[in-house]
Amino acid sequence: MIQITELNKYFGAHHVLKEINLTIDSGEVVVIIGPSGSGKSTLLRCMNYLEPIQSGQIMIENQPIGMIEQQGKIKEMPQKQLNLIREKVGMVFQNFNLFPHLTVEENITLSPLTLGKVNKQEANKVANELLLKVGLTDRAKAYPEQLSGGQKQRVAIARALAMRPHVMLFDEPTSALDPELVGEVLQVMKDLAKEGMTMVVVTHEMGFAREVADRVVVMDQGKIIEIDSPDIIFQHPSQKRTKEFLNKVLK
Amino acid sequence: MELDFSILLQDGNLPLLLKGLWVTIRMTFFALCISCMIGLLVGIGGMSKNKLISGICATYLAWFRGTPLLVQLVLLYYGLAISLQIDLTASVAGVLGLGMYSGAYVSEIVRGSIQSIDQGQMEAGRSLGMSHWQTMGKVILPQAVRRMLPPLANEFIALTKNSSLLSVITVPELMRAGNSIVADNFKYFEIYLTIALFYFVVNFVISTLIRILERKLHVGGVRT
């Protein structure tokens, strides 16, 4: 589903992602953990090219995203091509990024309608189904301002799902939430995982990682230092730094 | 000191002033349309990654903001006609001159309000598969317009007041009407006070209309 090979990314002179290699299979739930500043969010944002990369390659369903080779030169792909690949990759942000001038329903239908995927009637029907899924059918006509953080994030998940993505990226989806609202968002994500959605999740919720992840990726200082099943990562990590990190967050 | 406002009712002075007021309103309105179009183009163009486009927009802004409106009007009306034989009527030169001058200021309002919209909004739109311009049109601009309104009210009011400069290039607007009446009867205070009142009323209406518009556009959490 996603193949990342020898990815390097710099912010100016700062080398934020170093020689990243990672393959994510269809239907897999991969959780990325690591100390802040380790590059996990940046790596996730590279997967739909919200962050340009300096070298290496990212393939989504065997198609490169962002950079392509043309006549022996590596260059940025045409916007249209990029947009088509992005349709397959749903993204959920830490700060929700709902469109505040639109209702919940309009937030969900905007992109499918703008891109001419469906007509208004179908779009509303899909929106309704998705709101049912995230438990917010009664808030269809509300504006984001009127929702709690947990509700906002559930709408954001529904909005991403409306494009029928093949993979969902979650960038610290519960970090901006009050503790008592975290559960409802994680529940929606668990349901999604159960349905077989391919998911890549950057999170500090170790409970979620342990329970839902097929594999856990541990990052530190721009590198992947360990990839393994949650059982092994949480009980017998091979890396000293993984142990140190887990000791800190699980305290 | 004796004020004699009955002068307004003599020699057809009041109808002359009202006619001038109507010209002022018309000039300002057309200039405002041009100003908005230029402002949108130059404001968005100024943020372009294309160096040529952003360069042209930056030059436009620097020139029209950096030179006096009066000089621009005189160049446009007398300068073009005498040196280049491009003979614009006073009204056309006036509307163009006002519109181009004000457009420079509006472009900065447009740019500022677009840039004030959280970067995450563009990212969300792009991550949903929409293009840059689709996101700009459906997500960024609707939010930015709301934020543009208060500074736009300022700019439109300034535009109305600046239209009095058109009297210099012979447009028969309010100020010029007043000048011609005063030249006859020397009732400076009465006539200019009346004119000031007319400008005040026009600007009061503009600021009220924009405030109503602001309230109408206030949906959901879109705050300034």
Side-chain angles (χ1 to χ4, degrees), chain A residues 44-45 47-51 76 78-104 106-117 141-147 152 155-156 158-165 168-171 176, chain B residues 40 43-45 47-54 109-110 112-152 210-224:
Chain A
L44 192 79
R45 288 162 57 83
M47 291 184 201
N48 69 353
Y49 207 64
L50 282 180
E51 296 287 349
E76 211 155 90
Q79 287 295 321
K80 272 194 182 151
Q81 202 179 339
L82 177 60
N83 296 340
L84 282 177
I85 302 174
R86 274 182 174 152
E87 287 179 18
K88 294 192 250 171
V89 185
M91 176 109 183
V92 174
F93 300 88
Q94 182 176 351
N95 297 316
F96 327 123
N97 292 339
L98 291 180
F99 307 135
H101 60 301
L102 300 177
T103 63
V104 164
E106 289 164 344
N107 262 277
I108 297 172
T109 57
L110 178 70
S111 192
L113 284 176
T114 303
L115 296 170
K117 301 272 159 203
K141 304 292 179 203
Y143 284 94
E145 184 188 45
Q146 301 161 313
L147 304 179
K152 281 183 196 168
V155 172
R159 178 178 70 176
L161 290 174
M163 290 304 292
R164 306 244 175 262
M168 288 281 284
L169 309 177
F170 293 85
D171 186 8
Chain B
L40 204 59
I44 292 177
M47 292 183 286
S48 171
K49 277 186 202 155
N50 184 320
K51 290 252 162 62
L52 182 68
I53 294 176
S54 63
I109 295 173
V110 169
S113 34
I114 288 177
Q115 285 176 343
S116 77
I117 303 296
D118 185 66
Q119 183 68 33
Q121 294 286 307
M122 178 57 82
E123 288 184 354
R126 297 307 305 276
S127 78
L128 288 165
M130 290 193 285
S131 72
H132 177 88
W133 291 113
Q134 283 168 332
T135 311
M136 186 59 89
K138 304 259 173 167
V139 176
I140 309 291
L141 276 179
Q143 296 180 61
V145 163
R146 172 79 179 77
R147 292 187 190 182
M148 283 176 209
L149 288 176
L152 272 185
I210 292 199
R211 210 166 309 137
I212 292 171
L213 196 61
E214 265 180 65
R215 220 170 303 145
K216 268 203 157 155
L217 287 180
H218 180 91
V219 291
V222 192
R223 295 208 177 103
T224 45

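This structure is a prediction, so every number in the text was calculated from the model and none was measured. Each chain gets a letter, A, B and so on, in the order the sequences are listed, and its residues count up from 1. These numbers come from the heavy atoms of this one structure, side chains and all, not from hydrogens, waters or symmetry mates.
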Checklist outcome for this item: One option among A:Leu115, A:Leu169, A:Asn95 has the most heavy-atom pairs under 4.5 Å with chain B, and it is A:Leu115
Checklist outcome for this item: Among residues 83-90 of chain A, residues within the sub-4.5 Å heavy-atom range of chain B, in order of number, are A:Asn83, A:Arg86, A:Glu87, A:Val89
Next on the checklist: Could you work out, with side chain to side chain contact (heavy atoms under 4.5 Å, CB included) as the rule, every residue matching B:Ile114, not counting sequence neighbours?
Outcome noted: B:Ile44, B:Met47, B:Val110, B:Met136, B:Ile140, B:Leu141, B:Ala144
Next on the checklist: Once rounded to the nearest 0.5 Å, what's the spacing between atom CG of A:Leu113 and atom CE of B:Met130?
Outcome noted: 10.5 Å
Checklist outcome for this item: dist B:Met122:CE -> A:Leu50:CG (nearest 0.5 Å) comes out at 11.5 Å
Checklist entry - What is the distance from atom OG1 of A:Thr114 to atom CD of B:Gln134, rounded to the nearest 0.5 Å? => result 6.0 Å
Checklist entry - Got a donor-acceptor contact below 3.5 angstrom from the A:Asn48 side chain to the B:Ser127 backbone? => result no
Checklist outcome for this item: Between the CD atom in B:Gln143 and the CZ atom in A:Phe99, the distance rounded to the nearest 0.5 Å is 8.5 Å
Item to check | Contacts of A:Lys141 that satisfy salt bridge (charged side-chain N to carboxylate O under 4.0 Å, His left out) - sequence neighbours left out | outcome: A:Glu105
Item to check | Validation row: B:Ser131, A:Gln79 side chains within 4.5 angstrom (heavy atoms) | outcome: no
Checklist entry - Who are the salt bridge (charged side-chain N to carboxylate O under 4.0 Å, His left out) partners of A:Arg45, not counting sequence neighbours? => result A:Glu51, B:Glu123
Item to check | Heavy-atom closest contact (B:Arg126 atom, A:Leu82 atom, distance) | outcome: NH2-CD2, 4.5 Å
Checklist entry - So A:Leu102 and B:Val139, side chain to side chain contact (heavy atoms under 4.5 Å, CB included) or not? Walk me through it. => result CA-CA 9 Å; A:Leu102 300 177; B:Val139 176; 5.6 Å; no
